[in-house]
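In what follows, a single structure is set out as C-alpha cells and then discussed.
Here, residue 1 is the first one in the sequence, and each next residue gets the next number. Hydrogens, waters and symmetry mates are skipped; everything else that's a heavy atom, side chains included, is used.
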Amino acid sequence: MTDLEMKVDRLDGRVSSLEQRVTETTTNVNNLIAELRDFKNEMRQQNQMRAEEIREIRQDMKTMQANLDAKIDNMGKHVRNLSVATMAAVGGMFIAVGVMVGTMIYTLLTR
C-alpha cells in the first residue's frame with residue numbers, strides 16, 4: 001500500500017467517524033427539539049389550567065359579592081323597620097307621659 005492509499009484510508013475513517021458524530025448529534029438535536037415541544041405544550045396546558053382556575057375564582061368572588069350585597073340590603077330593611085318601631089315607641093311614651101301629666105293636672109284641679 002502506498003502512502004497515499006494509507007492517507008486516503010485514514011481520511012475515510014475520519015470522515016466515517018465525523019458522519020457518525022453528525023448523525024448522533026442530529027438525533028440528539030431532534031430529541032431535544034421534541035422534548036422542547038413537549039415542554040412547551042405542557043406549559044401551555046398549565047397556563048390554560050391556571051386561567052380556568054382564575055376564571056372560577058373570579059366567578060366565585062362575584063357570587064359572594066352578590067350574596068353580600070343582598071345581605072346588606074336585608075340588614076338595611078331591618079334597621080329601617082327597627083327605626084320606625086323605635087320612633088313609634090318614643091311617640092307612644094310621649095303620649096303616655098302627656099296623658100299622665102294631663103290626668104295629674106285634671107286631678108289637682110278637680111279636687
Side-chain angles (χ1 to χ4, degrees):
M1 222 188 244
T2 64
D3 188 36
L4 185 61
E5 290 175 341
M6 288 176 24
K7 285 183 180 180
V8 169
D9 285 343
R10 271 190 286 154
L11 188 58
D12 281 342
R14 290 178 67 192
V15 168
S16 296
S17 174
L18 286 174
E19 285 176 345
Q20 184 179 0
R21 285 184 188 171
V22 167
T23 303
E24 289 173 0
T25 303
T26 303
T27 303
N28 289 340
V29 168
N30 289 338
N31 289 341
L32 179 62
I33 289 171
E35 287 180 19
L36 287 174
R37 282 186 183 138
D38 291 344
F39 179 74
K40 183 179 166 183
N41 289 334
E42 184 178 335
M43 289 297 108
R44 190 173 286 143
Q45 288 174 349
Q46 287 181 0
N47 285 341
Q48 289 173 349
M49 288 170 44
R50 278 191 215 102
E52 183 61 32
E53 287 175 0
I54 289 171
R55 270 190 232 102
E56 289 175 6
I57 290 171
R58 286 182 179 164
Q59 184 60 40
D60 289 346
M61 288 175 63
K62 287 179 184 177
T63 303
M64 289 171 60
Q65 184 66 39
N67 290 341
L68 186 61
D69 290 345
K71 287 180 181 181
I72 288 173
D73 288 343
N74 286 338
M75 284 177 52
K77 290 177 186 176
H78 289 301
V79 168
R80 224 178 5 255
N81 290 341
L82 288 174
S83 298
V84 169
T86 302
M87 286 188 261
V90 169
M93 288 189 311
F94 279 123
I95 291 172
V97 168
V99 168
M100 279 191 337
V101 169
T103 303
M104 292 202 61
I105 290 173
Y106 176 75
T107 305
L108 291 173
L109 291 176
T110 56
R111 285 200 176 176

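- I95 and M87 fall into different hydrophobic clusters, where Ile, Leu, Val, Met, Phe, Trp and Tyr are joined by side-chain heavy atoms under 4.5 Å apart, directly or via other members.
- No side-chain heavy atom of L32 sits less than 4.5 Å from a side-chain heavy atom of N28.
- In this structure, CD on E53 lies 6.5 Å from CD1 on I57, to the nearest 0.5 angstrom.
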K77/N74 under side chain to side chain contact (heavy atoms under 4.5 Å, CB included): CA gap, chis, key distance, verdict: CA-CA 5 Å; K77 290 177 186 176; N74 286 338; 4.2 Å; yes

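- Taking CG of N81 as the reference point, atom OG1 of T86 lies at 10.5 Å (rounded to 0.5 Å).
- Residues K7 and L11 are not in side-chain contact: their nearest non-hydrogen atoms beyond the backbone lie 4.5 Å or more apart.
- Within 6.0 Å of atom CE in M43, more than 12 heavy atoms from other residues, nucleotides or ligands are found, so the atom counts as buried in its surroundings.
- A distance of 10.5 Å separates OG1 in T23 from CG in L18, rounded to the nearest 0.5 Å.
- Between atom CD of residue Q20 and atom OG1 of residue T25 there is a gap of 10.0 Å, rounded to the nearest 0.5 Å.
- In this model, no donor atom of one side chain and acceptor atom of the other lie less than 3.5 Å apart for N41 and Q45.
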Test side chain to side chain contact (heavy atoms under 4.5 Å, CB included) applied to D69 and Q65, step by step: CA-CA 6 Å; D69 290 345; Q65 184 66 39; 3.1 Å; yes

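- A single hydrophobic cluster is seen to contain both I105 and V97, as judged by linkage of ILVMFWY side chains at heavy-atom distances under 4.5 Å, directly or through other members.
- Other residues sharing the hydrophobic cluster of I33, ordered by chain and number and joined by side-chain separations under 4.5 Å: V29.
- The OG1 atom of T26 sits 10.0 Å away from atom CD of E24, with the distance rounded to the nearest 0.5 Å.
- Within the model, atoms CG of D12 and OG of S17 stand 12.0 Å from one another, a figure rounded to the nearest 0.5 Å.
- No donor-acceptor contact under 3.5 angstrom links the side chains of R44 and N47, judged on distance only.
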